[in-house]
Number of protein chains: 2
Amino acid sequence: MDQALRDRWLAQADATLSSAGRRAGAARTAIVEWLAREGQCLVTAQDVLDRLPQGSPSSVYRTLDELFALGLLHRFHGQDGVARYEIADPLRHHHHFIDEASGAARPFTDDELERAIEAAARRLGVRLTGHEVVIRGRRSTNGTQS
Amino acid sequence: MDQALRDRWLAQADATLSSAGRRAGAARTAIVEWLAREGQCLVTAQDVLDRLPQGSPSSVYRTLDELFALGLLHRFHGQDGVARYEIADPLRHHHHFIDEASGAARPFTDDELERAIEAAARRLGVRLTGHEVVIRGRRSTNGTQS
DNA sequence: TTATATGCAAAAGCTTTGCATGGGT
DNA sequence: ACCCATGCAAAGCTTTTGCATATAA
């Protein structure tokens, strides 16, 4: 749904990978392209393996790891101990709402919450390098957003 | 450092466990008592095993699981894919600051942040059942707290 | 040509489970 | 006496690693 983000990330990923001396093989190419399309929120290695004809488990895990190490992916460890990744875009930051009814995760952004986190870090005497918020609950009435 | 919390939780745990029909064996007793003392922030199954003479791996994992299922522990899955637990106290809620220099996690509370999360949930149209915040960074200057 | 990417299979690490025995109530 | 708790050993799952081969640059 966010074409601009997709393209920007793909270009950034290619640039970063090749300037790190990595070469583009069939597996990595397929994985990176899939992530650009489908990796905007919390995908697992298994998701990639299931949906991609191309790529062995080792390639998938290695590529995911490498992209994470280069700062191209964020990594989380979900409620079940399985690693989840998503595209890291410096221009966009989001948090996660987990719907208890379905177990599904939805990304959301909230500027006021963002400011509150920065303020809390200041009060703690911490120079912030990253932060994550997970909200769990149920949609109370009519959904307001997309 | 919080004696009241410790005692309250221990009493609550005993009550909840026995009303769930569970019996107190040597392993569970030792584990629950250790958690009441040392489980206020992000301990792993391995921590329990290392520090306790009493209790086999299966007892530790089973007890931790059971306490989680009964709502007596919170469970998180750390950056390394290892499950971390901490005492769940309805009267006290805290978040986590992870110091990038040491990797250590420290609990903190912040009422304003709490309110910001509630406000964000309201804006999302979500009835909140839980939430977690992780802040990552470095202590910027002189440490202010204990 | 030379270092890197890939895939297979094996290993590693955390956690869960089956089962026989011990123990609480 | 009955059922739950415990511990051992084995199995399960996700993820990592070793190694031989294929391939990008």
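These numbers come from the heavy atoms of this one structure, side chains and all, not from hydrogens, waters or symmetry mates. Chain A is the first sequence line, chain B the second, and so forth, proteins listed ahead of strands; every chain is numbered from 1.
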Check nucleotides 23-25 of chain D for protein N or O atoms closer than 3.5 Å to its own N or O atoms and list the pairs.
| unit_1 | atom_1 | unit_2 | atom_2 | d |
| --- | --- | --- | --- | --- |
| D/dA24 | N3 | A/R23 | NH1 | 2.9 |

Whole-Å distance separating the [atom1] atom of [X] from the [atom2] atom of [N]:
X: A/L52; N: C/dG7; atom1: CG; atom2: C1'; value: 15 Å
X: B/Q54; N: D/dA5; atom1: CD; atom2: P; value: 15 Å
X: B/H77; N: C/dT16; atom1: NE2; atom2: P; value: 8 Å
X: B/L49; N: C/dT15; atom1: CG; atom2: P; value: 10 Å
X: B/Y85; N: C/dC14; atom1: OH; atom2: P; value: 14 Å
X: B/D80; N: D/dT16; atom1: CG; atom2: P; value: 11 Å

Would you list the pairs meeting side chain to side chain donor-acceptor pair (under 3.5 Å) in which at least one residue belongs to residues 58-71 of chain A, sequence neighbours left out?
->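 As it turns out, the side chain to side chain donor-acceptor pair (under 3.5 Å) pairs with a partner in residues 58-71 of chain A, which skip direct neighbours, are A/R22-A/E66, A/S56-A/S58, A/S56-A/S59, A/D65-A/R75.
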[X]: side chain to side chain contact (heavy atoms under 4.5 Å, CB included) partners, not counting sequence neighbours:
X: B/A11; value: none
X: B/A15; value: none
X: B/S102; value: B/D99, B/A104

Is the backbone N or O of B/R136 less than 3.5 Å from a side-chain atom of A/T129, with the two atoms forming a donor-acceptor pair by type?
->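 Flag set: sc A/T129 to bb B/R136 pair under 3.5 Å.
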Just by distance, do the side chain of A/W9 and the backbone of A/L72 share a donor-acceptor pair under 3.5 Å?
->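 Side chain of A/W9 to backbone of A/L72: a pair is present.
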N/O-N/O pairs, protein side and nucleotides 8-13 of chain C side, under 3.5 Å:
| unit_1 | atom_1 | unit_2 | atom_2 | d |
| --- | --- | --- | --- | --- |
| C/dC8 | N4 | A/S58 | OG | 2.9 |

Looking at residues 64-73 of chain B, who's got a heavy atom less than 4.0 Å off DNA chain D?
->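 The stretch gives none, as no residue of it lies under 4.0 Å from the strand.
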Set of residues satisfying ring pair (Phe, Tyr, Trp, His ring centres under 6.0 Å) with respect to B/H96, sequence neighbours excluded =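 Ring pair (Phe, Tyr, Trp, His ring centres under 6.0 Å) list for B/H96, sorted by chain: B/F76, B/H94.
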Kindly calculate the angle separating the two end axes of the helix from C/dT1-D/dA25 to C/dT25-D/dA1, each obtained from five base pairs, and round it to 10 degrees.
->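 Computed from the C1' atoms at both ends, the axes differ by 40°.
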Co-members of A/L91 in a cluster of I, L, V, M, F, W and Y side chains, linked at under 4.5 Å |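 In the cluster with A/L91 there is nothing else; it is isolated.
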According to a strict under-4.0 Å criterion, is A/Y61 in side-chain N/O contact with OP1 or OP2 of D/dT16?
->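 The answer is no; no side-chain N or O of A/Y61 sits under 4.0 Å from OP1 or OP2.
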For the pair A/T44 and A/L49, evaluate side chain to side chain contact (heavy atoms under 4.5 Å, CB included) and give the outcome as yes or no after the intermediate values.
-> CA-CA 9 Å; A/T44 67; A/L49 284 166; over 6 Å; no
So does A/R8 have more than 12 non-hydrogen atoms from other groups sitting under 6.0 Å from CZ?
->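 More than 12 heavy atoms, drawn from other residues, nucleotides or ligands, come within 6.0 Å of this atom.
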Show the atom names and distances, to 0.1 Å, of all donor-acceptor pairs under 3.5 Å that link a side chain in residues 28-35 of chain A to residues at least two apart or in another chain.
| unit_1 | atom_1 | unit_2 | atom_2 | d |
| --- | --- | --- | --- | --- |
| A/R28 | NH1 | A/R23 | O | 3.3 |
| A/T29 | OG1 | A/G25 | O | 2.7 |

Which one, C/dT6, C/dC14, D/dG7, comes nearest to the side chain of A/A27?
->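 Closest of the options to the side chain of A/A27: C/dT6.
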5'-most contact on DNA chain C: A/S59 or B/A45, nearest heavy atom basis?
->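 That would be A/S59.
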Go through the steps to decide whether B/V82 and B/Q46 satisfy the test side chain to side chain contact (heavy atoms under 4.5 Å, CB included), and finish with yes or no.
-> CA-CA 9 Å; B/V82 177; B/Q46 199 57 51; over 6 Å; no
Pair listing, ring pair (Phe, Tyr, Trp, His ring centres under 6.0 Å) test, anchored in residues 109-138 of chain A, at least two apart =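 Every ring pair (Phe, Tyr, Trp, His ring centres under 6.0 Å) pair that includes a residue of residues 109-138 of chain A, provided the two are not neighbours, is A/H93-A/H131, A/H95-A/H131.
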Between B/E132 and B/H74, is a side chain to side chain contact (heavy atoms under 4.5 Å, CB included) present by the stated rule, with each step listed?
-> CA-CA 11 Å; B/E132 301 142 35; B/H74 293 303; over 6 Å; no
